[in-house]
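Data first, discussion second: the structure below is written as structure tokens.
By convention here, the first residue in the shown sequence is residue 1.
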Amino acid sequence: MKVVFLVFSPSGHTLLTAQNFMNMLENKGVSCDMINITKNDNYIQKEDITHTLYSDIGEHCMLVVCAPIYAGHCEQNMLRIIHMLPKRKNGRIPAILLVTYGGVHSSVALEEMGKGIRSRGYIPIMGIKIAAEHTLTATFKKRINRQLPGEKEQQVLAEAAEIAVNVLNGKTDPVDAKKALEYAPFPKRLMFRILSQEKIHGKYKKVAINSQICNGCGQCIRACPVNMFAYVDNKVQLIRNPGHCILCAECYHHCSAGAIIHPYIEVARKRLSDGFAELENPQSAVYH
């Protein structure tokens with residue numbers, strides 16, 4: 001039996017964190033496998049992926065779901081995938097929820113992931129939040145969580161790995177961490193239940209290419225985690241509905257010609273006080 005990691009990582013920081021956590025488990029003798037859905041059209045472009053998930057995940061004794069946080073929520077693609085996981089009918093498998101964030105708070109992301117994973121027959125035994133850089137803030141006066149994850153985050157992951165191994169070895173019973181995952185203040189929890197990620201971000205999903213400036217380097221094609229861009233008639237063009245954009249700003253910051261029009265950059269700068277906004281405390285932690 002194995003532990004399966006399911007990862008979505010636009011900037012690479014969630015993937016780095018997941019790999020570090022997986023290495024810690026493997027060093028303790030745990031067999032692990034990782035499914036990275038980033039840029040994987042089998043996951044991000046198909047409507048029904050339950051069969052794909054069933055085939056790719058296979059038999060497992062624990063699931064670790066890893067995603068970034070956007071606008072206080074688990075990133076929309078991963079949340080959709082959680083709700084499409086094959087429903088467990090016989091027995092309940094423990095699950096660990098891991099989020100990374102480069103903004104000011106983690107809010108309801110772990111709570112809503114727990115609710116989703118629970119509805120598929122898993123037991124969410126633990127939530128992990130990890131402070132990490134976010135490409136969106138690269139041009140801010142003060143870059144939030146610069147050079148993170150770091151040493152503190154490694155300590156948090158080590159604590160989580162110890163808890164996970166104890167559950168896998170039967171030393172600790174898998175207990176639902178529902179209450180622990182509801183750590184955000186009630187007013188904030190209520191607000192984000194009303195304000196979905198789409199309600200917050202939807203009207204800014206108008207990323208475009210200035211064809212007069214674009215030099216065809218293809219950096220945006222390589223950087224976009226949801227494959228919004230492609231070469232069409234030897235020109236870089238948007239090939240997906242703008243609604244699929246996740247506003248990660250990877251295309252904007254990787255464009256060598258400055259040809260990407262990204263309406264959310266200045267909005268985010270104001271919302272996050274150009275990087276000087278008050279940060280959640282503690283920034284990285286385990287909830288179980």
Side-chain angles (χ1 to χ4, degrees), residues 1-9 13-36 53-54 56-67 69 74 78 81-82 85-101 106 108-132 148-184 281-288:
M1 295 291 281
K2 63 185 177 182
V3 174
V4 174
F5 282 69
L6 194 57
V7 182
F8 181 63
S9 182
H13 292 100
T14 305
L15 178 60
L16 173 64
T17 303
Q19 288 172 331
N20 286 343
F21 188 38
M22 188 171 78
N23 289 341
M24 290 177 182
L25 292 181
E26 289 179 332
N27 288 339
K28 293 177 180 292
V30 178
S31 176
C32 299
D33 191 17
M34 180 178 289
I35 301 169
N36 185 359
L53 285 164
Y54 180 83
D56 289 355
I57 292 176
E59 292 296 324
H60 58 294
C61 57
M62 181 178 285
L63 184 67
V64 184
V65 183
C66 311
I69 295 175
C74 171
M78 183 56 80
I81 285 172
I82 288 173
L85 284 166
K87 192 162 186 177
R88 309 299 306 182
K89 296 180 179 179
N90 301 315
R92 299 182 68 195
I93 293 178
I96 296 173
L97 316 172
L98 188 157
V99 294
T100 64
Y101 69 113
S106 57
V108 298
L110 287 173
E111 180 183 356
E112 66 188 356
M113 289 170 76
K115 184 177 180 180
I117 205 84
R118 194 178 296 113
S119 72
R120 309 313 294 168
Y122 288 86
I123 308 173
I125 64 168
M126 176 172 29
I128 310 167
K129 68 173 184 182
I130 296 293
L148 294 184
E151 183 178 342
K152 170 61 178 176
E153 288 65 44
Q154 287 293 98
Q155 294 172 359
V156 170
L157 292 175
E159 177 188 349
E162 190 68 28
I163 296 169
V165 169
N166 284 339
V167 171
L168 289 169
N169 291 338
K171 293 182 179 179
T172 305
D173 291 332
V175 177
D176 195 324
K178 182 177 185 299
K179 291 297 181 183
L181 299 178
E182 297 172 352
Y183 58 85
N281 185 33
Q283 282 190 265
S284 301
V286 177
Y287 297 95
H288 64 101

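Aromatic ring orientation, Tyr183 versus Tyr287: parallel (interplanar angle below 30°, classes split at 30° and 60°).
Side chains of Ser31 and Val3 form no contact here, defined as non-hydrogen atoms less than 4.5 Å apart. Side-chain contact check for Ile163 versus Thr172: every heavy-atom pair is 4.5 Å or farther apart. Under the 4.5 Å side-chain criterion, counting only non-hydrogen atoms from C-beta, Leu25 is in contact with Phe5. Residues Ile81 and Leu53 form a side-chain contact, since some pair of their non-hydrogen atoms from C-beta on lies under 4.5 Å apart. Side-chain atoms of Ile130 and Leu157, non-hydrogen and from C-beta on, do get closer than 4.5 Å to each other. At least one side-chain heavy atom of Leu168 sits less than 4.5 Å from a side-chain heavy atom of Cys61. In this structure the side chain of Asn27 never reaches within 4.5 angstrom of the side chain of Met24, judged on heavy atoms. The closest side-chain heavy-atom distance from Met62 to Val4 is not below 4.5 Å.
Scanning all heavy atoms of the two residues, the minimum distance from Asn36 to Val7 falls at OD1-O, 3.3 Å. Of all the heavy atoms in Leu181 and Glu111, the pair that sits closest is O-CB, 3.6 Å. Annotation for His288 and Ala180: closest pair O-CB, 3.6 Å, computed over non-hydrogen atoms. Here the shortest heavy-atom pairing between Pro124 and Gly114 reads CG-O, 3.9 Å. Between Leu16 and Pro149, the shortest heavy-atom contact is CD2-CG, 4.3 Å. Scanning all heavy atoms of the two residues, the minimum distance from Pro94 to Pro174 falls at CB-CB, 4.2 Å.
Checking side-chain atoms of Glu153 against main-chain N and O of Gly150 turns up a donor-acceptor pair under 3.5 Å. No donor-acceptor pair closer than 3.5 Å links the side chain of Lys28 to the backbone N or O of Ala164. The backbone N or O of Cys74 sits less than 3.5 Å from a side-chain atom of Glu112, completing a donor-acceptor pair.
Under the 4.0 Å criterion applied to side-chain N and carboxylate O atoms, Glu182 and Lys178 are assigned as salt-bridge partners.
Taken to the nearest 0.5 Å, the CZ atom of Arg88 stands 11.0 Å off from the CZ atom of Arg120. In this structure, CZ on Arg92 lies 12.0 Å from CD1 on Ile125, to the nearest 0.5 angstrom. Between Gln154 atom CD and Ser284 atom OG the span is 10.5 Å, to the nearest 0.5 Å. Here the straight-line distance linking atom CE of Met113 with atom CG of Leu97 works out to 5.0 Å at 0.5 Å rounding. Here Tyr122 contributes atom OH and Lys87 contributes atom NZ; the two are 12.5 Å apart, rounded to the nearest 0.5 Å. Expressed to the nearest 0.5 Å, how far CG of Leu63 lies from CG of Leu85 amounts to 6.0 Å.
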- Query: How far apart are the C-alpha atoms of Ile96 and Val65, what are their side-chain angles, what is the distance that settles it, and do they pass the side-chain contact (heavy atoms from CB on, under 4.5 Å) test?
  - Reply: CA-CA 6 Å; Ile96 296 173; Val65 183; over 6 Å; no
- For side-chain contact (heavy atoms from CB on, under 4.5 Å), just list the numbers for Gln19 and Met34, CA-CA rounded to whole Å, side-chain angles, deciding distance to a tenth of an Å, and then say yes or no. CA-CA 9 Å; Gln19 288 172 331; Met34 180 178 289; 3.9 Å; yes
- Verdict with supporting geometry, Ile128 and Val156, side-chain contact (heavy atoms from CB on, under 4.5 Å): CA-CA 8 Å; Ile128 310 167; Val156 170; 4.0 Å; yes
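Looking only at atom types and distance, the side chain of Thr100 has a donor-acceptor partner in the side chain of Thr14 under 3.5 Å away.
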